[in-house]
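Input: a single structure, listed below in structure tokens.
We use all heavy atoms of the structure for the numbers below, so side chains are in, but hydrogens, waters and symmetry mates are not.
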Amino acid sequence: MFETITRMLNKWGTLKTVLPLLVLTISLMVVVNTVHLPITVPRIQELSHGADLLDMHIFYSKTEVYALLEQLQPEGRRVYLKLLMGFDFAFPALYAITFSLIVGMLYRSSGRRIIQSLVWLPLAAGVFDWAENVSILLILLKYPVTSVAAYAAGFFTLGKWISIWLSLGVVFAGLCYKLTKVGILKNDIRNNTTAKK
């Protein structure tokens, strides 16, 4: 199954598939983090007088979880809960698939199975993100009673960010490789044309 999914992501990673998904992913990310709508980050920060959301941190302890949730105020916590159950439930799947397809597109020509399996890095980020969201949901639903999920949430968030950074690094390296390869091909063509003259 692992190899089947890897092959599928490498196969479907085409510009025609990736470009609309990337535009949608970036647009949604910008909207939810900058536009003032009933269930967006700016709305939560307005209600809580600028408090940060848990998933914006790299890591947090159980104590920090409850300190941050206290800052959010009841209405901020209510909107945060809605954000997690709506947008934040679907978005990890969207960005994980989008970036897996990008990685597949960039590394498809590599014959090495280990390199082609890099498509799993963005998927890991999506899984960590879902685990983080479920943990925060459980914490919010039990608030102010301490939830066992408060002990794990920070580790899921850390896993998410590490996977995202690694995924972006892999995409950047793939882009550099492709651009270098194109430059080398252009030089070869130019040199062959000059040699024939």
Side-chain angles (χ1 to χ4, degrees), residues 1-35 37 39-42 44 53-59 79-138 140 149 152-179 181-182:
M1 183 175 170
F2 179 86
E3 283 189 22
T4 306
I5 294 170
T6 302
R7 276 197 305 271
M8 201 166 42
L9 289 166
N10 281 302
K11 180 184 171 186
W12 290 348
T14 63
L15 203 56
K16 187 179 176 181
T17 309
V18 164
L19 204 54
L21 285 173
L22 186 59
V23 168
L24 179 62
T25 301
I26 291 170
S27 300
L28 287 173
M29 193 168 57
V30 168
V31 167
V32 85
N33 285 293
T34 62
V35 179
L37 294 171
I39 306 175
T40 58
V41 173
I44 295 168
L53 302 183
L54 290 169
D55 38 1
M56 292 179 163
H57 291 254
I58 294 170
F59 179 78
V79 176
Y80 192 13
L81 194 63
K82 284 186 174 182
L83 179 67
L84 287 166
M85 290 191 295
F87 173 83
D88 242 5
F89 182 77
F91 189 67
L94 177 64
Y95 79 72
I97 291 168
T98 300
F99 280 93
S100 287
L101 291 171
I102 291 170
V103 171
M105 182 176 70
L106 292 170
Y107 292 94
R108 179 179 33 247
S109 61
S110 168
R112 294 184 174 170
R113 198 177 296 165
I114 188 90
I115 291 176
Q116 289 181 343
S117 64
L118 289 171
V119 295
W120 287 89
L121 268 175
L123 296 178
V127 170
F128 276 118
D129 203 337
W130 269 330
E132 168 200 68
N133 292 342
V134 168
S135 299
I136 296 170
L137 269 172
L138 293 172
L140 283 166
F155 291 101
F156 291 136
T157 301
L158 180 62
K160 173 190 79 173
W161 286 117
I162 289 171
S163 301
I164 286 172
W165 293 329
L166 288 172
S167 299
L168 292 174
V170 165
V171 168
F172 181 72
L175 285 171
C176 289
Y177 172 73
K178 289 285 186 188
L179 291 172
K181 196 174 174 184
V182 168

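Distance CG/L121 to CG/L168: 10.5 Å, rounded to 0.5 Å. Summarising the geometry, atom CD1 belonging to I26 is positioned 11.0 Å from atom CG belonging to L21; distances are rounded to the nearest 0.5 Å. Here I136 contributes atom CD1 and L54 contributes atom CG; the two are 4.5 Å apart, rounded to the nearest 0.5 Å. Here the CD1-CG distance, from I44 to L81, works out to 10.0 Å after rounding to the nearest 0.5 Å. For the atom pair OG1 of T14 and CZ of R108, the computed distance is 7.0 Å after rounding to the nearest 0.5 Å. For the atom pair M105 CE and L175 CG, the distance stands at 7.5 Å (nearest 0.5 Å).
In terms of modelled atom types and a separation under 3.5 Å, the side chain of W161 and the main chain of H57 share a donor-acceptor contact. Formation of a donor-acceptor pair under 3.5 Å by the Y177 side chain with backbone atoms of Y107 is not found in this model. Put simply, the side chain of T157 gets close to the backbone of A153: a donor and an acceptor are under 3.5 Å apart.
Of all the heavy atoms in S100 and V119, the pair that sits closest is OG-O, 2.7 Å. Between V35 and P42, the shortest heavy-atom contact is O-CG, 3.6 Å. Annotation for F89 and W130: closest pair O-NE1, 2.7 Å, computed over non-hydrogen atoms. Across every non-hydrogen atom of L94 and T98, the tightest pair is O-OG1, 2.7 Å. Taking each heavy atom of L83 and L53 in turn, the nearest pair found is CD2-CD1, 4.2 Å. The two residues P20 and L15 have their closest heavy-atom pair at CD-O, 4.2 Å.
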- Task: Begin from the C-alpha positions of L37 and V31 and carry the test side-chain contact (heavy atoms from CB on, under 4.5 Å) through to its verdict.
- Result: CA-CA 9 Å; L37 294 171; V31 167; 4.0 Å; yes

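Residues Y80 and D55 meet the side-chain proximity criterion, which asks for heavy atoms closer than 4.5 Å. Side-chain contact between L106 and L118: absent, with no pair of heavy atoms (C-beta onward) separated by less than 4.5 Å. In this structure, the side chains of M85 and I39 stay at 4.5 Å or more apart for every pair of heavy atoms.
Among residues two or more places apart in sequence or in another chain, the side-chain contact (heavy atoms from CB on, under 4.5 Å) test is passed with A131 by F156. Applying the ring pair (Phe, Tyr, Trp, His ring centres under 6.0 Å) test to F128 and every residue at least two apart in sequence or in another chain returns nothing.
Counting heavy-atom neighbours within 6.0 Å of F59 CZ, excluding the residue itself, gives a total above 12. Counting non-hydrogen atoms of other residues, nucleotides and ligands closer than 6.0 Å to CZ of F155 gives a total of 12 or fewer. Annotation: I58, atom CD1; neighbour count of heavy atoms from other residues, nucleotides and ligands within 6.0 Å does not exceed 12.
Sequence neighbours left out, the pairs with a member in residues 118-136 that pass salt bridge (charged side-chain N to carboxylate O under 4.0 Å, His left out) are E132-K160.
Between F99 and Y95, the distance from one ring center to the other does not fall under 6.0 angstrom.
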